[in-house]
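Right, one structure below, let's go through it.
Chain letters run A, B, ... following the sequence lines, proteins first, then strands; residues in each count from 1. All values below were derived from every heavy atom in this structure, side-chain atoms included, with hydrogens, water molecules and symmetry-related copies excluded. Since the model is a prediction, treat every value here as computed from it, not as a measurement.
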Number of protein chains: 2
Amino acid sequence: MTKATAGEPPPEDPRKNQRAEPRPGTAAWWLARESEPARQRRRRSLTLDAVLDAAMTLLDTRGAAALTMRNIADALGCTQASLYRHVRNREELVTLLIDRAIAVASAVPPDGADWAEKAAWSARLFREHLLRHPGVASLLRGTERLGPNSLAGMQYSLDLFIGAGLNPRLASAAASSLATFVLGSVHLNLGLDMSDPEESRHRRLLFRSRDAAAFPLLVQHADTLAEVSSDDEFEVGLNALLTGFRALIQNSDITRD
Amino acid sequence: MTKATAGEPPPEDPRKNQRAEPRPGTAAWWLARESEPARQRRRRSLTLDAVLDAAMTLLDTRGAAALTMRNIADALGCTQASLYRHVRNREELVTLLIDRAIAVASAVPPDGADWAEKAAWSARLFREHLLRHPGVASLLRGTERLGPNSLAGMQYSLDLFIGAGLNPRLASAAASSLATFVLGSVHLNLGLDMSDPEESRHRRLLFRSRDAAAFPLLVQHADTLAEVSSDDEFEVGLNALLTGFRALIQNSDITRD
DNA sequence: ACCTGAACACCGTTCAAGT
DNA sequence: ACCTGAACACCGTTCAAGT
């Protein structure tokens, strides 16, 4: 009864994963899924797509906490047990769901922009998509990095950064860094309500009331700090990253082998 | 029975949060906690610290999925109900726990380094701390950004970036961006086992077997891509960010008001 | 071959009752 | 004033039994 969850040290089987079912999200798992033709061959009343569709609307309308097997089954008018015919776990369901929910990353930026403008455009689009679907953001764990939609995004950004002058290794790292930053930005603001005007006021109060000896800068700049929004943070970080990539490209121009 | 979770659209009370208890992690909540002297005054057999200690060792040894009220109570030799005397929710417990688990951020980098080296040192330290405590990483949600330990980190990095020449607003955004990037980097690799040598092999197989028409770069550079590690990604992104901050500092030198 | 009903071992949270 | 026992309404997952 191992409930494997991200962040959990694996139960450490005595014999190291000797032919154990691969965990959802690993390369082995994504590979194994493709060579399972039997699963989808038969015509059936309930399909995996229908399950994922129901899960997606549930996630969007009622949030991550409402994404239960029972609720999904209810939405589909079947029993919970039926779901396990299309999915081995809840974890597997979430992995498939999130890969699918990430599809927006394949949207193509306006033509005529240079690589940096395109990268910024895509990063902003991805962020806005996640902000509109906070349930999706809260479930992102990296397990979807090898899913078809993520791979499409990777192909796109590799093209972008290699075209800009980076070698494949650096292009891959740059693309991942950008995605990492977008996800971190959304994730670090999930529990907060900066949209709530009260939050900004309370934040100011909090900074102001700190011990001035221990937190001089927080006290001194309380008003300014309370007003720095998640959008501000994102734009500053995004520009810094792209500036850094630009420098990296110029460097590898010089040290080109 | 609202189970408010990050990523969940708030249940939308008809009257907008009219004197409702603030959600854990909001500025109002952190503020309210301080002006609650009665809670900790009395000598009691079970203290909040003891609860959080037990929760922490549970999280580290058995992972996030094992962090249940029952298990915490068992570890302390009390009943679950007793825990609710020190904590209103599981959510509140997690918020307090994560703030405390983040204390490493207050470690001070070696003297004599310039601001960029110090920032890099702290970022790496924070990342390594999170990698050693994946359970903590998986629970980070931004609700701890206003906790005492995060504020200490903020005071420190504000000092660093203001000292380097940024105004308070930009310094705050830069500091947050860096933290965002570290967290995103750890979080996006939570579900994966890059330590597993098999994973790299499977990843190569996965890239190689893509449709060459749709994913030409993935197929072409499969071997290289399969070997880019999370460490590589992190270092590339970290350097890019710091390079970007350096440029930002030079710019604000010029346009100083 | 597919789906169901009913159960199992868990959750977080509450509250009257004990001391 | 503090803690407990026992319950409540939920979870994910399994499996014999139905069709």
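Between R141(B) and E91(B) there is no salt bridge, since no side-chain nitrogen of the basic residue lies less than 4.0 Å from a carboxylate oxygen of the acidic one. With respect to the salt-bridge test (charged N to carboxylate O, under 4.0 angstrom), the residues E199(A) and R23(B) do not qualify.
The aromatic rings of F181(B) and F234(B) sit parallel to each other, their planes meeting at less than 30°, with 60° as the upper class boundary.
At whole-Å resolution of the value, CG in D74(B) and C1' in dT4(D) are 14 Å apart. When rounded to the nearest whole Å, the span between CZ of R85(A) and P of dT4(C) equals 10 Å.
Of the possible donor and acceptor atoms, one in the side chain of H129(B) sits under 3.5 Å from a partner among the backbone N and O of A101(B).
Of all non-hydrogen atoms in D232(A) and E227(A), the two that sit nearest each other are OD2-O, 3.9 Å. In terms of heavy atoms, L225(B) sits closest to S172(A) at CD2-CB, 3.5 Å.
One finds no side-chain N or O of T79(B) lying less than 4.0 angstrom from the OP1 or OP2 phosphate oxygen of dG5(D). The side chain of S82(B) places no N or O atom within less than 4.0 Å of a non-bridging phosphate oxygen (OP1 or OP2) of dC2(D).
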query: Could you walk me through whether S230(A) and R127(A) pass the side chain to side chain donor-acceptor pair (under 3.5 Å) check?
result: CA-CA 11 Å; S230(A) 166; R127(A) 175 163 179 268; 3.0 Å; yes
What pairs of nitrogen or oxygen atoms, one from the protein and one from nucleotides 13-18 of chain D, lie under 3.5 Å apart?
unit_1  : atom_1 : unit_2 : atom_2 : d
dT13(D) : OP2    : Y84(A) : OH     : 2.8
dT13(D) : OP2    : R90(A) : N      : 2.9
dT13(D) : O5'    : Y84(A) : OH     : 3.3
dT13(D) : O4     : Q80(A) : OE1    : 3.1

field: Dot-bracket notation for DNA chain C, counting Watson-Crick and G-U pairs under 3.5 Å, with | for partners on another strand
entry: ||.|||||...|||||.||
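Of the residues N149(A), T95(A), D53(A), the one that meets the side chain to side chain donor-acceptor pair (under 3.5 Å) test with R100(A) is D53(A).
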